[in-house]
Protein chains: 2
Amino acid sequence: MARRRRVGNLLALAVLSALVERPMHPYEMAGVLRARGKDQDMPIKWGSLYTVVANLERHGLLAAVQSDRQGRRPERTVYRITEAGRDELVDWTRELIAVPEREHPRFEAGLSVLGVLGPDEATELLRQRLDRLETQLADARAALARHGREIPRLFLVEAEYDLAVRQAEATWVRGLLDELTTGSLPGLTEWRAWHETGAVPPDWAELAERGTEQQ
Amino acid sequence: MARRRRVGNLLALAVLSALVERPMHPYEMAGVLRARGKDQDMPIKWGSLYTVVANLERHGLLAAVQSDRQGRRPERTVYRITEAGRDELVDWTRELIAVPEREHPRFEAGLSVLGVLGPDEATELLRQRLDRLETQLADARAALARHGREIPRLFLVEAEYDLAVRQAEATWVRGLLDELTTGSLPGLTEWRAWHETGAVPPDWAELAERGTEQQ
DNA sequence: ACCCGATTACTCGCAGACGAGCATACGCCG
DNA sequence: CGGCGTATGCTCGTCTGCGAGTAATCGGGT
């Protein structure tokens, strides 16, 4: 599935989507993308812009139109999107929408090593996360309401999605915190003992050696 | 905040967490991590293992213990975690748990350029996504139930989190699909006209030029 | 009229990441 | 007991991402 993209950086997707409307030079793309808040929707690093544009051109997805020069500035090359570029944009979008990729939020990585902390510290840190999350959610909700008055829904779906997912995260964290504070999480006692004494609880010891059979 | 990690690859986190228990050589780490399903929780590329271990050693987070040799194989270096490594592991975990980072799921990027497709194609693709998502969710639920019988909850929280978040995604997609199929999404008519004729709807035209004021 | 800080527009070097490839060992079948 | 397919264990070259740095220009204060 998902044949590897010739230019894989998502900044390239944003660039293509901007050039669909009209040709631009790189810095103008940056302006337009920033104005549309695309840097909120993707992990965009502006330092990569010129590299990405060059790569797109190299693969025939963009073509240089003209170079003009103002004053003693370096000349600015204006690019237009090619047919191949249009195809790539559409195909890539189709894939991003239709195929759910397993994502790997950093929080998940953190949770998977939660055992290195003690239960009390874990509880405290999760509470901090929840606090911050709720602040961010309130901000996001306000921003969405504000934009909703001037921008068509179609261009806000990604923000709505983001909000929904983060809301679910907050709910889940609240649930876990609840189990931790009421003590209803199974294995809490073993976890605490393990962390305080350093000794692996007897019922867990055997698991730890799972998949370790080597000569 | 979040001072840059000396070794930023999350594979390094996994390596540190494995070496907390006992010293190992790299290939053994791979076996243990795989057995624990850590490659499910993080974007692990095994091709990076030796690079990452070398970097960890370079920064004093690991130390070589011994090199033994079996047959004519290349010698295998056994590494142990250092005090600095232990500190890094704990500090990194704390950060991952307590500080919610703005993540950028690829789906969000896709949604932000949804306009390049027409509403009918978008609907069809979203339906495909929902189908696949539901299959994956069923699998994940089954796997979680199976593991739940032998592994303590503590080591399954990351899978539970993942499930909860993806469930929220499915719900959200279902909601959007609903608005699309019933036609209740505002601007649907404009969107369709725009896509069929290529002409930007009058009420949207002005927005498109937003943030474009350049000489 | 001139200076200085901010903004604009771009460049470059370095550090990783990672996939493909390779060499050794093992197991199984004839 | 020899040959071959598969698993093991590791290396290396390439490619790209990106942050820090820089040069030109603008603006506005005195």
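Residue numbering restarts at 1 for every chain, and letters A, B, ... go by the order of the sequence lines. The model shown is predicted, which means the values in this text are computed figures rather than measured ones.
- Spacing between atom CG of A:Leu49 and atom C1' of D:dT16 amounts to 15 Å, rounded to whole angstrom units.
- A sub-4.0 Å separation between OP1 or OP2 of C:dC10 and a side-chain N or O of A:Tyr50 is present.
- Per the geometry, CZ belonging to A:Arg76 stands 19 Å off P belonging to D:dA23, to the nearest Å.
- Separation of atoms CD (B:Gln128) and CD1 (A:Ile97) is listed at 11.0 Å; rounding is to 0.5 Å.
- In this structure, CG of A:Leu56 is placed 11 Å from P of D:dT16, rounded to the nearest angstrom.
- Whole-Å rounding puts the A:Leu10 CG to D:dG17 P distance at 10 Å.
- At D:dT16, one or more side-chain N or O atoms of A:Arg58 fall inside 4.0 Å of OP1 or OP2 (strictly under the cut-off).
- A salt bridge does not link A:Arg86 to A:Asp91: none of the charged nitrogens lies less than 4.0 Å from a carboxylate oxygen.
- Between A:His25 atom NE2 and C:dA9 atom C1' there is a gap of 10 Å when expressed in whole angstrom units.
- Nearest heavy atom pair, residue A:Leu13 against residue B:Ala109, reads CD2-O, 4.0 Å.
- For the residue pair B:Leu10 and B:Pro43, the shortest heavy atom distance occurs at CD1-CD, 4.2 Å.
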Under 3.5 Å, which N/O atoms of the protein pair with N/O atoms of nucleotides 17-20 of chain C?
{"residue": "C:dC18", "atom": "OP2", "partner": "B:Ser48", "partner atom": "OG", "Å": "3.4"}
{"residue": "C:dG19", "atom": "O6", "partner": "B:Gly47", "partner atom": "O", "Å": "3.4"}

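- Rounded to whole Å, atom C1' of C:dA9 lies 16 Å from atom CE of A:Met24.
- Shown here for B:Trp191 and B:Gly115, the closest heavy-atom pair between the two residues is NE1-O, 3.9 Å.
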For residues 155-175 of chain A, dump all side-chain donor-acceptor pairs below 3.5 Å to protein atoms at least two apart in sequence or in another chain.
{"residue": "A:Glu160", "atom": "OE1", "partner": "A:Arg153", "partner atom": "NH2", "Å": "3.3"}
{"residue": "A:Glu160", "atom": "OE2", "partner": "A:Arg153", "partner atom": "NE", "Å": "2.7"}
{"residue": "A:Tyr161", "atom": "OH", "partner": "B:Glu169", "partner atom": "OE1", "Å": "3.0"}
{"residue": "A:Asp162", "atom": "OD1", "partner": "B:Arg102", "partner atom": "NH2", "Å": "3.4"}
{"residue": "A:Asp162", "atom": "OD2", "partner": "B:Arg102", "partner atom": "NH2", "Å": "2.8"}
{"residue": "A:Arg166", "atom": "NH2", "partner": "A:Gln136", "partner atom": "OE1", "Å": "2.5"}
{"residue": "A:Glu169", "atom": "OE1", "partner": "B:Tyr161", "partner atom": "OH", "Å": "3.0"}
{"residue": "A:Glu169", "atom": "OE2", "partner": "A:Arg129", "partner atom": "NE", "Å": "2.8"}
{"residue": "A:Glu169", "atom": "OE2", "partner": "A:Arg129", "partner atom": "NH2", "Å": "3.0"}
{"residue": "A:Thr171", "atom": "OG1", "partner": "A:Gln167", "partner atom": "O", "Å": "3.0"}
{"residue": "A:Arg174", "atom": "NH2", "partner": "A:Glu134", "partner atom": "OE2", "Å": "2.6"}

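- Per the geometry, CG belonging to B:Leu33 stands 16 Å off C1' belonging to D:dG9, to the nearest Å.
- The B:Tyr27 side chain lies nearest to D:dC10 when the options are C:dT8, D:dC10, D:dT16.
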